[in-house]
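Down below is the structure, laid out as structure tokens.
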Amino acid sequence: MAYWLVKSEPFKYSWTQFRKDKKTFWDGVRNYQARNNLRDMEKGDEVFFYHSNEGLEIVGIAAVAKTHYPDPTTPDPRWVAVDLKPVKTLPKPVTLEQMKADKRLEHLALLRQPRLSVSPVTEKEWQVILGLAGLG
DNA sequence: GCCAACGTTGGC
DNA sequence: GCCAACGTTGGC
């Protein structure tokens, strides 16, 4: 069981929309590191859903519903997609500011590589963020 | 295989 | 809307 974090611009695809859809394809990733992370996802892995540009906060938790398959949005075989389903909305969203301010999260991949759209989260970091979200 | 140019992302 | 950071592309 591993933990991840995905980013989405709320204008493009928001958490609210995701909850309504009950499920989504996580596609359109065009970065090798992010792609490798997608490929490493196992069914049941949990994933923080982060709003970039607008909000700048983790708003919910999703889970991997289906492991990687070829990205249907491109004929290029290099890229993959996964299916995600929403698990729960955070009682208190965790902002980027909060995470930056927390010494325990200084190695968080999101903070070190802000441009990576799919990044790993360690179990320790996961627990810290759950705590900040009011789920500790 | 290197490196400059360019495009994209995302925080501010 | 700007700009810095970084990944990718393409010429040599």
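This is a predicted model, so every value here is computed, not measured. When reading the values below, keep in mind they use all heavy atoms of this one structure, side chains included, and skip hydrogens, waters and symmetry mates. Convention: sequence-line order gives letters A, B, ...; per-chain numbering from 1.
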Rounded to whole Å, CZ of A:R115 lies from C1' of C:dC3 at a distance of 12 Å

Atom CD of A:E54 and atom C1' of B:dG10 are separated, to the nearest Å, by 13 Å

In whole angstroms, the gap separating C1' of C:dT8 from CG of A:L116 amounts to 15 Å

Just checking A:N31: base, sugar-phosphate only, or nothing, at a heavy-atom cut-off of under 4.0 Å? sugar-phosphate

note: A:Q33, atom CD; C:dC6, atom P; distance rounded to Å ~ 11 Å

Sub-6.0 Å ring centroid separation between A:F49 and A:W26:
yes

For residues 117-136 of chain A, the side chain to side chain donor-acceptor pair (under 3.5 Å) pairs (sequence neighbours left out) are A:T122-A:E125

Checklist entry - Is the OH atom of A:Y3 crowded by more than 12 outside heavy atoms at less than 6.0 Å? => result yes

Atom CD of A:E97 and atom C1' of B:dG10 are separated, to the nearest Å, by 16 Å

In whole angstroms, the gap separating P of B:dC12 from CD of A:E9 amounts to 15 Å

So, with a heavy-atom separation below 4.0 Å from DNA chain C, the residues of residues 72-83 of chain A are none

Problem set entry | Short side-chain to backbone donor-acceptor contact, A:D102 and A:M99, under 3.5 Å | no

When rounded to whole Å, the CG to C1' distance for the pair A:L5 and B:dG10 reads 14 Å

By nearest-heavy-atom nucleotide on DNA chain C, the more 5' of A:R112 and A:N53 is A:N53

All heavy atoms of A:G44 vs all of A:M1, minimum pair found to be O-SD, 3.4 Å

Taken to the nearest 0.5 Å, the spacing of A:T89 OG1 from A:F18 CZ works out to 10.0 Å

Q. Should A:Q113 be listed as having a side-chain N or O under 4.0 Å from OP1 or OP2 of C:dG7?
A. yes

message: Whether A:K12 contacts B:dG10 is assessed here as follows: a side-chain N or O lying under 4.0 Å from the phosphate OP1 or OP2. Is that the case?
response: no

Taken to the nearest whole Å, OH/A:Y32 to P/B:dT8 is 16 Å

query: Where do A:Q17 and A:D21 land on the side chain to side chain donor-acceptor pair (under 3.5 Å) test, with the steps shown first?
result: CA-CA 6 Å; A:Q17 186 61 43; A:D21 292 348; 3.0 Å; yes

